[in-house]
Amino acid sequence: MAILRPGQPPAPRGGLAGRTISVSKTSDIRLGPKEVVLTFDDGPVPGKTDTILRALDQFGVKATFLMVGQMANAYPGTARKVAAAGHTIGTHTQNHKNLRTVSVNVAEAQIREGRESVAAALRPGGYRPAPFFRFPYLADTTTLRGSLAAQGIVVIDVDIDSRDYYASGSDALRARAVAAVERRGSGVILFHDLHARTATMLPLLLADLKERGYKVVHLVPARTGVDLIASSAPVALPKLETTSPDRG
C-alpha cells in the first residue's frame, strides 16, 4: 500500500469513518477486522488539541478524549472545542495519579473530582462528559473497576499503544503506530494530545489507515444514543462514594 511522504497532501475527506457503537459496558466495544477506535489522553492542550481536531475533521472521523481534570480546569475553552466538534469526552482523574499507589478513598476522590472538573469546563457550552473513564498509566484495580461499573461508568481499555510518549520524531511514531495496528488488525488505540509529535503525524497516519482499508469507529454512551455529550440541560453526574509524558 502507498504511504504518504512528509509534505504530500493527505487524502481527501471521507472514506475512513466507520460505524458508531453505543456502549454501556466495556464488553460492548467489540470491533471487527480493520476497525479501530482513536483515543487521546491527558489533554486538553491548546494548539496541540486544536491540531488534532483539524486532522480528525479533515478525515470526517470522531475520537474519544479522556481528559484530566486539572487540564480541563486550565483550558476549558479547548475542552469545549472538542465537545463542539462532536467527539466523545471521558475522564482520566483529576491529577493523573497512579491509582494503584493510593488508598481507595483517594483514588475514588481523584476519579470523582476529575469528572466534576471536566463537567464544569463543558457546562457553559451546554455539554457534559460521557460516563467513560481510563486509568492513568493503565493502572487499574479490581476494586476500582467494580466501583466504576456499579456507577455505570465504562472503563475504556487499550488494545494498541502507540507509545507516543517515547521521545522520538513524528515519522518514527507514525511508523510504529502503523506497524502496531497492522500487527493486531483492529482495536482501541492510545494516543496523547499533549505531544506535538502526535499532532504532527496524525493526518499522515489517518491517510495510512484509509489506504489500508481501516475504518474509525465512534464510541458513544448507550443511554444517550448518538447524542454523546451535547445537552441543552446538563445532567447531574454520577458520584463515586466511598503532567508529564506517560503511558496512558
Side-chain angles (χ1 to χ4, degrees), residues 10-23 29 35-69 71-92 114-115 117-134 154 156 162 164 188-196 198-207 209-210 214-235 237:
R13 182 185 177 117
L16 186 59
R19 62 195 175 105
T20 296
I21 298 178
S22 295
V23 177
I29 307 172
E35 288 189 326
V36 296
V37 175
L38 306 176
T39 67
F40 297 88
D41 288 7
D42 293 2
V45 181
K48 295 165 187 171
T49 301
D50 296 277
T51 300
I52 287 168
L53 291 177
R54 286 192 294 272
L56 296 172
D57 182 66
Q58 177 184 356
F59 283 84
V61 297
K62 302 300 181 185
T64 298
F65 290 76
L66 290 309
M67 294 186 178
V68 173
M71 300 300 287
N73 284 341
Y75 308 114
T78 304
R80 290 193 291 273
K81 286 181 183 179
V82 176
H87 301 287
T88 305
I89 295 177
T91 59
H92 197 46
R115 286 189 58 78
S117 291
V118 173
L122 296 177
R123 191 169 291 118
Y127 305 108
R128 64 184 183 273
F132 292 170
F133 175 79
R134 177 170 286 155
V154 180
I156 305 298
S162 72
D164 60 350
V188 178
I189 309 175
L190 169 63
F191 296 106
H192 300 81
D193 55 329
L194 79 169
H195 299 309
T198 302
T200 297
M201 71 88 204
L202 187 61
L204 296 173
L205 174 68
L206 294 177
L209 295 178
K210 180 182 176 183
Y214 285 87
K215 295 291 184 180
V216 173
V217 171
H218 189 194
L219 303 183
V220 303
R223 67 183 179 214
T224 55
V226 297
D227 182 18
L228 293 190
I229 50 179
S231 172
S232 58
V235 298
L237 297 172

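Everything numeric in this text was worked out from a predicted model, so none of it was measured.
- In this structure, the separation between CZ on R128 and CZ on R115 is 10.5 Å, given to the nearest 0.5 Å.
- The minimum heavy-atom distance linking K48 with A199 is given by the pair O-CB, 3.8 Å.
- Listed here is the closest heavy atom pair of V68 and D42: CG2-CA, 3.7 Å.
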Evaluate side-chain contact (heavy atoms from CB on, under 4.5 Å) for H87 paired with L53, printing each intermediate quantity in order.
CA-CA 9 Å; H87 301 287; L53 291 177; 3.5 Å; yes
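- Within the 4.5 Å cutoff, side-chain heavy atoms of F40 are placed close to those of T198.
- Every residue two or more places apart in sequence or in another chain that forms a salt bridge (charged side-chain N to carboxylate O under 4.0 Å, His left out) with K81 is listed here: D50.
- Closest approach of F132 and P221 over heavy atoms only: CZ-N, 3.7 Å.
- Interatomic distance, L205 CG to I189 CD1, rounded to the nearest 0.5 Å: 6.5 Å.
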Go through the steps for I29 and I156 under the test side-chain contact (heavy atoms from CB on, under 4.5 Å), then give the verdict.
CA-CA 9 Å; I29 307 172; I156 305 298; 3.9 Å; yes
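- Atom CG in D41 sits 9.5 Å away from atom NE2 in H195 (nearest 0.5 Å).
- The environment of OH in Y214 is crowded: more than 12 heavy-atom neighbours from other residues, nucleotides or ligands sit within 6.0 Å.
- At distances below 3.5 Å, at least one donor-acceptor pair connects side-chain atoms of T88 with backbone N or O atoms of L219.
- L122 has its side chain out of reach of M67: every pair of non-hydrogen atoms, C-beta onward, lies at least 4.5 Å apart.
- Looking only at side-chain heavy atoms (C-beta outward), F65 and I52 come within less than 4.5 Å of each other.
- The shortest non-hydrogen separation linking D193 to T49 is OD2-OG1, 2.8 Å.
- When all heavy atoms are compared, the tightest approach of T91 to P129 is CG2-CB, 4.5 Å.
- In this structure, K62 and V220 have side chains that are not in contact, with every pair of non-hydrogen atoms separated by 4.5 Å or more.
- Looking only at side-chain heavy atoms (C-beta outward), L56 and L202 come within less than 4.5 Å of each other.
- Across A72 and S117, no two heavy atoms sit closer than the pair CB-O, 4.2 Å.
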Should V188 and R134 be marked as a side-chain contact (heavy atoms from CB on, under 4.5 Å) after you check the CA-CA gap, both sets of side-chain angles, and the distance that decides it?
CA-CA 12 Å; V188 178; R134 177 170 286 155; 3.7 Å; yes
Would you sort out whether M201 and F191 count as a side-chain contact (heavy atoms from CB on, under 4.5 Å), showing the intermediate values?
CA-CA 11 Å; M201 71 88 204; F191 296 106; 3.6 Å; yes
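- Note: K210 NZ to K215 NZ = 8.5 Å, rounded to the nearest 0.5 Å.
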